[in-house]
Amino acid sequence: MSTLLLAGIGLIAGIGITALGPGGVLVTIGLFLFTGLEPAVVAGTAMVTHVATGTVGSLAYLRSGHLRERQTVRIAVVLLVTAVVGTPAGVLLNSVLPAREFGILMAGFVVVVAVLVWYRQGHAADDGLHPRHPTPALIVIGLLVAVASGTFGVGGPLLTVPLLVAIGTPILPALAAAQAQSIVISLVGSVGYFSIGAIDWRLALIVGVPEMCGVLIGWKVARSVPARYLTWTMIIILIAVAPVLALRH
């Protein structure tokens with residue numbers, strides 16, 4: 001039953017990754033609540049699944065053309081460079097966090113994500129305009145996302161997409177750039193967690209395979225279905241699980 005539950009969580013997470021951005025956090029939440037693993041193993045196992053999902057998501061948006069746009073490529077390059085710097089700092093932070101503190105921080109983290117998703121819901125650009133963002137702003141976003149992703153074992157899109165939308169990036173280019181960023185975050189983070197023996201490969205397969213399937217489903221959803229229904233579902237899920245994470249011992 002727990003195997004089916006984790007596989008289902010992986011599928012839903014994959015759909016959320018490419019349809020909305022905030023989906024990868026569900027893998028971390030599922031592993032933390034239903035496996036009893038230490039925080040480092042939770043984050044490391046979740047992180048390694050995002051290597052494949054980030055690759056599949058990037059290829060999907062490359063095929064659709066959104067990852068070929070000049071402004072999107074520029075954003076992606078800045079995010080990729082900052083990921084190399086920020087992700088190891090997040091891995092180091094996780095390694096010193098006891099399970100109790102990890103749960104509390106994770107609870108606060110998912111509430112922040114829920115607020116950002118809600119903000120994006122009302123501010124997503126749909127006019128096709130794609131402003132040129134100042135490089136320092138992109139660097140700050142990239143570093144913040146990389147550190148948080150390294151700490152909690154998430155791929156990056158769940159924070160990157162709402163933050164990019166908040167500064168005026170249209171939703172599909174934001175999703176495309178975030179997918180490219182997630183590859184580097186996941187690779188660097190996975191190496192870090194692997195070096196300390198903090199990856200459960202069996203669980204990574206159980207969650208990761210359906211997660212990849214969900215990524216392809218989510219890519220189709222993002223291009224053809226109004227996202228507001230999934231957005232509110234995601235917000236409700238995140239708010240609901242936050243107290244559970246905080247109270248888990």
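Heavy atoms only: backbone and side chains are in, while hydrogens, waters and symmetry mates are out.
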Participant: Could you give me the CA-CA distance, side-chain angles and deciding distance for T169 and H133, then say whether side chain to side chain donor-acceptor pair (under 3.5 Å) is met?
Facilitator: CA-CA 9 Å; T169 308; H133 306 305; 2.6 Å; yes
Participant: Find the distance between CD1 (I29) and CE (M106) and round it off to the nearest 0.5 Å.
Facilitator: 4.5 Å
Participant: Test: side-chain hydrogen bond (donor to acceptor under 3.5 Å, both in side chains). Region: residues 186-203. Which pairs qualify, not counting sequence neighbours?
Facilitator: none
Participant: Surrounding CZ of R63 (heavy atoms of other residues, nucleotides or ligands, distance under 6.0 Å), is the total greater than 12?
Facilitator: no
Participant: Roughly how far, to the nearest 0.5 Å, is OG1 of T151 from CG of N94?
Facilitator: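 Going from CG on N94 over to OG1 on T151, the span is 6.5 Å.
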Participant: Quick one: CG on L59 to CG on L67, what's the gap to the nearest 0.5 Å?
Facilitator: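 Separation between the atoms: 9.0 Å.
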Participant: Would you say T45's side chain and V42's backbone share a donor-acceptor pair under 3.5 angstrom?
Facilitator: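 Answer holds: no.
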Participant: What is the distance from atom OG1 of T72 to atom CG of L175, rounded to the nearest 0.5 Å?
Facilitator: 10.5 Å
Participant: With sequence neighbours excluded, what pairs up with S149 under the side-chain hydrogen bond (donor to acceptor under 3.5 Å, both in side chains) test?
Facilitator: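 Checked S149 against side-chain hydrogen bond (donor to acceptor under 3.5 Å, both in side chains); zero matches.
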Participant: Atom CD1 of I185 and atom OG1 of T87: how far apart are they, to the nearest 0.5 Å?
Facilitator: 4.5 Å
Participant: To the nearest 0.5 Å, tell me how far T53 OG1 sits from L216 CG.
Facilitator: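 That separation rounds to 10.5 Å.
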Participant: Does any N or O in the side chain of S58 come within less than 3.5 Å of the main-chain N or O of A180, such that one atom is a donor and the other an acceptor?
Facilitator: yes
